[in-house]
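The structure appears right after this line, and notes come after that.
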Amino acid sequence: MANYVLEILDGDRAGDVLPVADRAIRIGRKAGNDIVLADEKTSGVHAEIVLEGDRHVLRDLGSTNGTFLDGKRVTEMVLTPGDVVTFGRLRLKFRDESAAAAADAGELAVRRLDAGRLQRRSGSLGLLVALVVVGLGVAGYLWWRSGGAARDEGAAPQQRPALVVNGNRLLPGVAACDTEDGWNLRAGGAGFQLATRGHSGAGAFAAGRGEGADAASFAVATLLEPLPVFAGRSMTIAAHLRAEAGARVAVRAVCFTSNEQQPFRFCTGTPLTAHEDWQRVEAVVGVPPGCDRLQVELVAVLPSPDARALVDDVAVTEGGAGAAVEVKLAESSQTLLGTGSALAVRSVDPENPATLLQVLPHTVPPALDGLHRAGQCVLSDLGVALAAPASERSFQFAADVAAGSDSGAERGQGLQLVFPADAASGLMVAGDDGAFVAAAAESEFTTTRLLLGDRATRALVRFETPTACSGQLGAGRYRLRVQSARFELVLGFRAERQQAGELVRQARALDQQGEPGQALDTLRQLVRELPMDSEVLAQAQALRTQLLAAQSESLRQLQQDLDEAEFFDTRGGFERVVRGIDDVVARFHETNLEDATGTLALRERAHARLLAIDAAEVEVRRQRLQELAKAFADSEQSGLSRVVETYVKQHLETK
């Protein structure tokens, strides 16, 4: 029976021989490891050796300086006796003590036979037989040591030949995952690395979390070059996946167009799932209209330092039951496009083609936080299916757990609606009274209805109950996060357009009748209740601007009149200003004054000066009458004097 050991060749423990047990053995600088190496180039938890079947597998655990065999960096390998592996700056040799003991015994037997031959020459035949037996034993050991049938994968589970899938669009070397050829293994997060333990062939791609608090908790790999595809065709993306210690892994397809002016990217695939053993998974996608490229993504989430995900035997074949989504609304002609859990809405304006770019998760389980924060989490990762049946003028979006998904209980809450950044400029939110008011793009609010976009991209988002929402601008996108898994996207506003158009006509008629205040009240009603159609809303805004310009001109003229009245200090000038402002308020209504505070302050200035002038005139009259009363008293006409004094007291005294 084999007795495997590790011999430390360098450092202060050089010469130590340590048994390799059946359980996993951790190697590193920290005291908690099974084998502690005092070397600053060795990571705290550098590598591990685990028994798989009758093979000992060495895995690098995301060490900083790497693990090397014969000068080549390795992430995973099957150990064979005689291998010398370097961890940091220290070397360890893997060997079989029982084989070494057998070799020593063979050499001793030969020496004993040689001595016996010198003593008994007469037993030559027996000696010859003994020598042959011992020689065969030594030769057998040497054959085993050099590899023999066991090193040719006979003693260990045999290496399966690389899996060949008929019709695979990937080249054999790319599909086999034995080399990095054709792949960008570090497309995101911690990335993938080559590993020797695969489902078939010579290796696979493995993702593991590095050391430290800042180590990425996810990994993404992609093809170096996306595949050309035809819109409307069905494609099946498959791979063999395996996940350990809480890791989850998925394969995804991203459909897009080589025309950089088109912003749509449809990403969907298999759920991020923990596959305890090698398992073949596949995602069938229909290539959406306008798309001519398909990218394959390998995605893993790594919630702990021990987590590990493996991918092997990737295949992309044409065919399958998947169908692309293409549904056009009868009223607005806007089109729902997509595949799987990836849906978008295309407008009818070639200059502004996107109404809704994506629907993504809002909140996710903790294990997916890193992937989500990096903006690389999609609904299919959570096992969520997205449907959007159409009515005459809207799409009813609903996100539900896909059948057979094991991640439904952890799928997160709410959705993230991704619009072009320009959509935020037209944001209006319905309040508790149902009236729409303009809102800042980056704000939080609770509502049942909100409007965004402009003209061909105008859209109403409607919820069944009051729903908490928040907006964020960045990278040319407006992300609206909603605490709901369902919403209606209304894109046709024929009835609202007719009602709003009638209100505009009423406002014009009222203006022509000299009722600008009522006209503005009518336009306010339109903006608060029916701002859905951008063209009619623009007409209403233009008429409102015209009415307010007339108001502003009237107030400008009254300001000029007040300046002149103050210069000449004439009572008539101040009277004209007060009457003029009262007329403006009566015609436009105080609620429609653009600067109500400034307008009323202007009237107050004119009125205060008018009162001052009147008070001065009264004082002059009072003094004259008091002088007259005194003159009557001096001329002994006391009756007339009392009459004058009474008049002054009743009408001219300041109260």
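Only heavy atoms go into these numbers, but all of them, side chains included; no hydrogens, no water, no symmetry mates.
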Indicate yes or no for a side-chain donor-acceptor contact from Arg209 to the backbone of Ser217 under 3.5 Å, with no hydrogens or angles considered. no

Is there a donor-acceptor pair closer than 3.5 Å between any side-chain N or O of Thr257 and the backbone N or O of Asn259? yes

What residues form a side chain to side chain donor-acceptor pair (under 3.5 Å) with Thr67, not counting sequence neighbours? His46, Asp60

Sequence neighbours left out, what passes salt bridge (Lys or Arg N to Asp or Glu O under 4.0 Å) with Arg233? Give chain and number order. Glu318

Only distances under 3.5 Å count here; give the side-chain donor-acceptor pairs of residues 164-179 to other protein atoms, sequence neighbours excluded, each with its distance to 0.1 Å.
residue : atom : partner : partner atom : Å
Asn168  : OD1  : Leu170  : N            : 3.0
Asn168  : OD1  : Val316  : N            : 2.9
Asn168  : ND2  : Val314  : O            : 3.2
Arg169  : NH2  : Pro228  : O            : 2.6
Asp178  : OD1  : Ala202  : N            : 3.2
Asp178  : OD1  : Gly203  : N            : 2.9
Asp178  : OD2  : Ala202  : N            : 3.4
Thr179  : OG1  : Asp181  : N            : 3.2
Thr179  : OG1  : Asp181  : OD2          : 3.4

Between the main-chain N or O of Pro361 and the side-chain N or O of Gln416, is there a donor-acceptor pair closer than 3.5 Å? yes

Test: salt bridge (Lys or Arg N to Asp or Glu O under 4.0 Å). Region: residues 365-375. Which pairs qualify, not counting sequence neighbours? none

Is Val220 close to Gln376 at the side-chain level, that is, under 4.5 Å between some pair of heavy atoms? yes

For atom CD of Glu40, is the number of surrounding heavy atoms from other residues, nucleotides or ligands below 6.0 Å larger than 12? yes

Review item, side-chain donor-acceptor pairs of residues 281-292, under 3.5 Å, at least two apart:
residue : atom : partner : partner atom : Å
Glu282  : OE1  : Arg280  : NH1          : 2.8
Asp292  : OD1  : Ser258  : N            : 2.8
Asp292  : OD1  : Ser258  : OG           : 3.4
Asp292  : OD2  : Ser258  : OG           : 2.8

Sequence neighbours left out, what pairs pass ring pair (Phe, Tyr, Trp, His ring centres under 6.0 Å) with at least one residue falling in residues 168-210? Trp183-Phe205, His199-His240, His199-Trp278

Heavy-atom distance under 4.5 Å between the side chains of Gln279 and Arg242, does that happen here? no

Rounded to the nearest 0.5 Å, how far apart are CE of Met77 and OG1 of Thr80? 6.0 Å

Once salt bridge (Lys or Arg N to Asp or Glu O under 4.0 Å) is applied, do any residues pair with Glu297, and if so which ones, sequence neighbours excluded? Arg252

According to side chain to side chain donor-acceptor pair (under 3.5 Å), who are the partners of Asp16, at least two apart in sequence or on a separate chain? Arg13

For the residue pair Phe87 and Ile8, establish whether any side-chain heavy-atom pair is separated by less than 4.5 Å. no

Determine the sole option in Arg479, Arg481, Glu442, Arg477 for which the side chain to side chain donor-acceptor pair (under 3.5 Å) test with Gln472 is passed. Arg481

Could you tell me whether the side chain of Ser341 and the main chain of Val384 form a donor-acceptor pair under 3.5 Å? yes

Are the side chains of Leu337 and Val325 in touch, meaning some heavy atoms are under 4.5 Å apart? no

Donor-acceptor contact present, side-chain Asp10 to main-chain Arg91, <3.5 Å: yes

Which heavy-atom pair separates Ser200 from Pro161 by the least distance, and what is that distance? CB-O, 3.3 Å

For Glu180, the salt bridge (Lys or Arg N to Asp or Glu O under 4.0 Å) test, sequence neighbours excluded, returns Arg186

Could you go step by step and tell me if Leu343 and Phe397 meet the side chain to side chain contact (heavy atoms under 4.5 Å, CB included) rule? CA-CA 10 Å; Leu343 298 177; Phe397 283 81; 4.3 Å; yes

Look at the side chain of Asn3 and the backbone N and O of Asp96, then say whether any donor-acceptor pair between them is shorter than 3.5 Å. no

How long is the gap from CZ on Phe218 to NE2 on His372, to the nearest 0.5 Å? 12.5 Å

Let's go through Val296 and Thr222 carefully: what are the C-alpha distance in whole Å and the side-chain angles of both, what is the deciding distance for side chain to side chain contact (heavy atoms under 4.5 Å, CB included) to 0.1 Å, and is it a yes or a no? CA-CA 6 Å; Val296 176; Thr222 64; over 6 Å; no

What heavy-atom pair brings Lys41 and Asn65 nearest, and what distance separates the two atoms? O-ND2, 2.8 Å

Test side chain to side chain contact (heavy atoms under 4.5 Å, CB included) on Val359 and Leu379; report intermediate values, then the result. CA-CA 8 Å; Val359 180; Leu379 288 175; 4.2 Å; yes

Kindly say whether Gly340 contributes a backbone atom to a donor-acceptor pair with the side chain of Thr268 at under 3.5 angstrom? no

SB check Glu52 Arg59 (cutoff 4.0 Å): yes

For the student: nearest non-hydrogen atoms of Leu185 and Leu194, plus distance: CD1-N, 4.4 Å

Run the salt-bridge test on Glu260 and Arg293 with the 4.0 Å N-O cut-off and return the result as yes or no. no

With side chains defined as the heavy atoms from C-beta onward, is the minimum distance between Cys377 and Leu368 less than 4.5 Å? yes

Flag the pair Leu356 / Val418 as yes when at least one side-chain heavy-atom distance between them is below 4.5 Å, and no otherwise. no

Partner residues of Arg26 under the salt bridge (Lys or Arg N to Asp or Glu O under 4.0 Å) criterion, sequence neighbours left out: Glu48, Asp306

Applying ring pair (Phe, Tyr, Trp, His ring centres under 6.0 Å) to His56 and not counting sequence neighbours gives Tyr4, Phe94

Audit row: Arg29, Leu37, side chain to side chain contact (heavy atoms under 4.5 Å, CB included) steps and yes/no: CA-CA 5 Å; Arg29 190 181 67 254; Leu37 301 178; over 6 Å; no

Residue from Leu51, Val50, Asp34 passing side chain to side chain contact (heavy atoms under 4.5 Å, CB included) with Ile25: Asp34

Counting C-beta onward and ignoring hydrogens, is there a side-chain heavy-atom pair between Arg265 and Leu357 closer than 4.5 Å? no

Looking at every non-hydrogen atom in both residues, tell me the closest pair between Pro271 and Ala250 and how far apart they are. O-CB, 3.6 Å

Looking at every non-hydrogen atom in both residues, tell me the closest pair between Arg308 and Ala195 and how far apart they are. NH2-CB, 4.2 Å

Check: Gly44 main-chain N/O paired with Asn33 side-chain donor or acceptor under 3.5 Å: yes

Please check: side-chain N/O of Ser484 versus main-chain N/O of Val482, any donor-acceptor pairing under 3.5 Å? no

Identify the heavy atoms of Ala31 and Val36 that sit nearest to each other, and give their distance. O-CG2, 3.8 Å

Taking Ser380 for its side chain and Thr270 for its backbone only, find out whether a donor-acceptor pair lies under 3.5 Å. no

Could you list all the ring pair (Phe, Tyr, Trp, His ring centres under 6.0 Å) pairs where at least one residue sits in residues 291-310, not counting sequence neighbours? none

CG (Leu90) and CD1 (Ile35) are apart, to the nearest 0.5 Å, by 11.5 Å

Contact check, side chains of Leu310 and Val249, non-hydrogen atoms, under 4.5 Å: no

